[in-house]
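Structure record follows, encoded as structure tokens.
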Amino acid sequence: MPTAIAVTSPDLALPSTDRQTPAAVVLQAPQLQPLDDALTETSAVLEHHGHLIALYSSACPPEHIRRLHTLRAVLESDRIAIVPLSLPPLGVALLARQLRQLSLCEISPGVLASAARLLTHYIHAGALLGSVSGLDRVEVDLRAHMKSWLPGAHFAVLAHPEPQLLHLDRHSTEAGLPGPGFATQLAVARGQLTSEWVTGALAPAWQTQGVYEARLPAESTRWWGTPKLIEFAAGIPDVSVLYQLVTSVRREQCGWCGLELLGDRCAFCAAPLARERATGGGGSGQGPAAIGGPVPGPVSGSVSGPLSGPESGPDLTAGSPAAPGIPHGSGRPVQGNSYGSGRPVPGNPYASDTPRAPGQWDLPGHPDFAPHPARPAYPGHPDLPGHPDTPGTPGTPRTVARVR
């Protein structure tokens, strides 16, 4: 069975775009579910899926976070990864769906859990706010605070990957916020604010392949400091591109629990990769600093547009080839992204110093990450070429656990 992906609220479980993607597991808040019931359900999930990856945003209440660690401690299970994220709530929901898509591929639990840090760098998340007086997660100057008192004031805020805040005219038709340099789809969740700026100005400027409505997460009001908002998040919808991003990075083995991992820290036991191994030398891994503790560094419905094949992919160092009829501008490197900066990864078919042929991608690499050994194209996923049951055609439904 695929590794289970858990979120902390039902509104963080975005509907899947196909019949194969598993549903998210919802780990309820303490006031909504007794501990005994939570232990019983979590134990059943582990027995059925083997491993569980729980994602939560920085707006998650402290008592809910303690519940997650209590479940892990009482069950004495090293098969639960608790992953904190600095993304806004809708960005967390989008990342959770990407991991649910990847869970059907042949990716080990340790790699899938640590891939959350990698894929975070490719999500652009923000909101249109009616006031910034309660916003404390993005720097707000005094002038913006003063403008919050004006009737009809609107502010466009990009929280990730690079924080930015703009004051908008009520009838503005310009995006103003830098968008991704690769093909994305835009999720939009409406709060107590009426405006068509996100769908009418931002989506065309970001050249998104589709826009779909989602339910506003309950944590969004707390994260943004106001209920007068429209939250948005853009991410890569194509599972084949996500698969290439994850599998093109060198894998290491955790010296503490033995799981495979990406980057410099295990998401299940929180053990850091030994310094000599991270720099290419030998040595054994170090013990866990804190079980399921925060990871240092930048960890932070239905679709109206069709999910097409990989016409365009991430390229943060040069202009991306566009999907048919959609021109793409050049992107910019993501600051502080240890996965997506530096020279391309040797051997990665999507990263090359040679001129690109139409329809190909250049994915950023890093000199410290070696390419993953060659493997069949997207094995294990029923809707991707190379799967034995579906040679180039949509896959047949699979039976997956849908634990709510």
Could you give me the CA-CA distance, side-chain angles and deciding distance for Leu245 and Ile236, then say whether side-chain contact (heavy atoms from CB on, under 4.5 Å) is met?
-> CA-CA 11 Å; Leu245 278 170; Ile236 301 171; 3.8 Å; yes
Can you check side-chain contact (heavy atoms from CB on, under 4.5 Å) on Val132 and Val138, steps first, answer last?
-> CA-CA 9 Å; Val132 294; Val138 176; over 6 Å; no
Taking atom types as modelled, find out whether Ser16 and Arg100 have a side-chain donor-acceptor pair closer than 3.5 angstrom.
-> no
Is there side-chain contact between Thr3 and Ile107, with heavy atoms separated by less than 4.5 Å?
-> no
Short side-chain to backbone donor-acceptor contact, Gln164 and Leu177, under 3.5 Å | no
CA sep, side-chain torsions, deciding dist, call: Leu87, Leu94, side-chain contact (heavy atoms from CB on, under 4.5 Å) = CA-CA 10 Å; Leu87 288 169; Leu94 185 58; over 6 Å; no
Backbone N/O of Leu90 and side chain of Glu231: donor-acceptor pair under 3.5 Å = yes
Specify the closest pair of heavy atoms between Val25 and Ala4, including all atoms of both residues, with the distance to one decimal.
-> CG2-CB, 4.1 Å
Say whether, by atom type as modelled, one donor and one acceptor occur between the side chain of Ser114 and the main chain of Gly110 under 3.5 angstrom.
-> yes
Would you check if Thr226 and Ser133 make a side-chain contact, meaning some heavy-atom pair closer than 4.5 Å?
-> no
Derivation of the side-chain contact (heavy atoms from CB on, under 4.5 Å) call for Ile230 and Thr194 = CA-CA 8 Å; Ile230 300 177; Thr194 302; over 6 Å; no
Straight-line distance of Thr199 OG1 to Tyr212 OH, nearest 0.5 Å = 14.5 Å
Phe155 and Leu135, any side-chain heavy atoms less than 4.5 Å apart = no
Pairwise distance CH2(Trp206) to NE2(His124) - rounded to 0.5 angstrom = 6.0 Å
Contact check, side chains of Phe268 and His51, non-hydrogen atoms, under 4.5 Å = yes
Nearest-0.5 Å distance, NE2 of residue His64 to NE2 of residue His69 = 11.0 Å
Determine yes or no for a side-chain-to-main-chain donor-acceptor pair under 3.5 angstrom, with His49 supplying the side chain and Pro2 the backbone.
-> yes
CZ-CG distance between Arg190 and Leu229, expressed to the nearest 0.5 angstrom = 11.0 Å
For residues Thr17 and Pro237, determine if any side-chain heavy atom of one lies less than 4.5 Å from a side-chain heavy atom of the other.
-> no
Would a 4.5 Å heavy-atom cut-off, applied to side chains only, mark Leu129 and Lys228 as touching?
-> no
Does Val211 reach the side chain of Phe232, with side-chain heavy atoms less than 4.5 Å apart?
-> no
Of Leu102, Leu261, Val246, which meets side chain to side chain contact (heavy atoms under 4.5 Å, CB included) against Val111?
-> Val246
Just how far is it from atom OG of Ser43 to atom NE2 of His48, taken to the nearest 0.5 Å?
-> 13.0 Å
Option from Leu68, Leu52, Leu55 for which side chain to side chain contact (heavy atoms under 4.5 Å, CB included) with Ile82 holds = Leu68
Considering all heavy atoms, the nearest Ala159-Trp223 contact | CB-CH2, 3.6 Å
Smallest separation among heavy atoms of Ala183 and Gln209, with atom names | CB-NE2, 3.4 Å
State, to 0.1 Å, how close Ala59 and Arg222 come at their nearest heavy-atom pair, and which atoms those are.
-> O-NE, 2.8 Å
Output yes when a side-chain donor or acceptor of His160 lies under 3.5 Å from a complementary backbone atom of Ile123, and no otherwise.
-> yes
Gln31, CD: over 12 other non-hydrogen atoms inside 6.0 angstrom = yes
Please name the pair of heavy atoms, one in Arg265 and one in Ala270, separated by the smallest distance, quoted to 0.1 Å.
-> NH1-O, 2.7 Å
When you look at CD of Glu47, are more than 12 heavy atoms from neighbouring residues, nucleotides or ligands closer to it than 6.0 Å?
-> no
Note: Ile65 and Tyr56 closest approach over all heavy atoms is CD1-CE1, 3.4 Å
So do Thr8 and Val92 actually touch side chain to side chain, heavy atoms under 4.5 Å?
-> no
Reference residue Val83; test side chain to side chain contact (heavy atoms under 4.5 Å, CB included); the match among Leu99, Ile5, Ile53, Thr120 = Ile53
Side-chain donor or acceptor of Arg97 paired with backbone N/O of Leu12 under 3.5 Å = no
Side chains of Gln33 and Glu41, donor plus acceptor under 3.5 Å = yes
Quick one: CG on Leu27 to CG on Leu32, what's the gap to the nearest 0.5 Å?
-> 12.0 Å
Would you say Asp11's side chain and Ala218's backbone share a donor-acceptor pair under 3.5 angstrom?
-> yes
